[in-house]
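Report on one structure; see the data block that follows.
Throughout, protein chains are lettered first and strands after them, A, B, ... in sequence-line order, and every chain is numbered starting at 1. In this text, all values refer to a predicted model and were calculated from it rather than measured experimentally.
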There are 2 protein chains.
Amino acid sequence: MTTLKIDLIADNLISIHPLLYKSISKPLKHQSSITPGGMFVLGSLKRHGTQSMSDIGKCLSMPKPHVTVIVDKLIEEELVERQSDPNDRRIVNILLTEKGFEEFNSLKKDLSENLKIKLSKLNDQEQEILAIASQQMKEILISILSKE
Amino acid sequence: MTTLKIDLIADNLISIHPLLYKSISKPLKHQSSITPGGMFVLGSLKRHGTQSMSDIGKCLSMPKPHVTVIVDKLIEEELVERQSDPNDRRIVNILLTEKGFEEFNSLKKDLSENLKIKLSKLNDQEQEILAIASQQMKEILISILSKE
DNA sequence: AATAATAGTTATAATTTTGTAACCATTATG
DNA sequence: CATAATGGTTACAAAATTATAACTATTATT
């Protein structure tokens, strides 16, 4: 792979990052009591299903104490619950509650509403391109960045 | 536009966001003294050229006092400088210094190095797809999200 | 059985981000 | 000219993130 192409990708990602930050993390704060970190955890659980505390930390590059704080808060709001692992009693597995599922989908819907206004300014072709490009980016980024 | 397509895009963006956060904002902290906010400001200045304090705040959805704090820090590190506007003396224009350019490019290069390891696991076709998809996403997101 | 390693929590502090209100200087409006 | 509006800073407080160390409980290693 040419260095130029990598630089192009890096450049694009650096440009995209603050835009998503602005239109995803920030609006969240006004629509619910969930912090961006809490949203990340819900999203990780939605994708991976049940995860241990350590798994969550690895997926999101969060220090374990931070995961504890966030999960404590989510439990308080009844969005996730703890389950001790029957095979290894050190492990605490976290899973979404029904309410957690609904809350996550509700937040995603709010975000969609928010985006819809802006996306409606695009023509059909641009919408199609964005749908495909975001899907491709998501799949590739997950495959290479969510590891470790 | 069908609601389904918007939901798909929203879903993808929500998935992409934490991955970029993890691989862009977090590594920064270990490689330099620049905070994510500082990096956002440098990136905004790199793209838009000279910007007033208010412009920066609008571009990044940052409250003005926060912009002041970040810019103060960047000035202390000689990465940007203030210039009073000759036409309107209330306005303070911010611009990248030579050192700021270099620092930004250097950080981007570090990020590239970081990504290169992970990107190298992709085959040529996937790399090509990611380069194109990220470019398309960047352009469309900038056009609809960077406004206001 | 003793020791080391792992999973998670607790406690604490530092940093960053966000929000609000008050304030000054300058420009625009009536 | 008086007043309102704008651009920016200052000061302060609250929330969120990050980091570290110490600690308990459990499992793995020797």
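In this entry the distance linking CE of B:M62 with C1' of C:dT20 reads 18 Å, nearest Å. Rounding to whole angstrom units, CD1 of residue A:I91 and C1' of D:dT26 are separated by 10 Å. Rounded to a whole Å, the NZ atom of A:K58 is 6 Å from the P atom of C:dA7. Going from atom CD1 of A:I70 over to atom C1' of D:dA16 covers 9 Å, rounded to whole Å.
The side chain of A:Y21 places no N or O atom within less than 4.0 Å of a non-bridging phosphate oxygen (OP1 or OP2) of C:dT16.
Every residue two or more places apart in sequence or in another chain was checked for a side chain to side chain donor-acceptor pair (under 3.5 Å) with B:T68, and none qualifies. Under the rule for a salt bridge (Lys or Arg N to Asp or Glu O under 4.0 Å), B:E102 has no partner lying at least two apart in sequence or in another chain. When the salt bridge (Lys or Arg N to Asp or Glu O under 4.0 Å) test is applied to A:K46, no partner is found at least two apart in sequence or on another chain. Residues that satisfy the salt bridge (Lys or Arg N to Asp or Glu O under 4.0 Å) test with B:E126, not counting sequence neighbours, are absent from this structure.
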Could you list the donor-acceptor pairs under 3.5 angstrom formed between side-chain atoms of residues 60-67 of chain B and any protein atom two or more places apart in sequence or on another chain?
none

Per-pair distances, 0.1 Å, donor-acceptor, side chain in residues 69-77 of chain A, under 3.5 Å, sequence neighbours excluded:
| unit_1 | atom_1 | unit_2 | atom_2 | d |
| --- | --- | --- | --- | --- |
| A:D72 | OD1 | A:R82 | NH2 | 2.3 |

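The side-chain hydrogen bond (donor to acceptor under 3.5 Å, both in side chains) analysis of residues 89-99 of chain B, with sequence neighbours excluded, yields the pairs B:D85-B:N93, B:D88-B:R90.
When atom types are taken as modelled, the side chain of A:Q136 and the backbone of B:A133 share no donor-acceptor pair closer than 3.5 angstrom.
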Contact string for nucleotides 9-15 of chain C, one letter per nucleotide 5' to 3', B = base within protein heavy-atom range under 4.0 Å, S = sugar-phosphate only, - = neither, reads BBB----
Taking only N/O atoms, report every protein-nucleotides 27-30 of chain D pair under 3.5 Å with atom names and distance.
| unit_1 | atom_1 | unit_2 | atom_2 | d |
| --- | --- | --- | --- | --- |
| D:dT27 | OP1 | A:R89 | N | 2.8 |
| D:dT27 | O4' | A:R90 | NE | 3.4 |

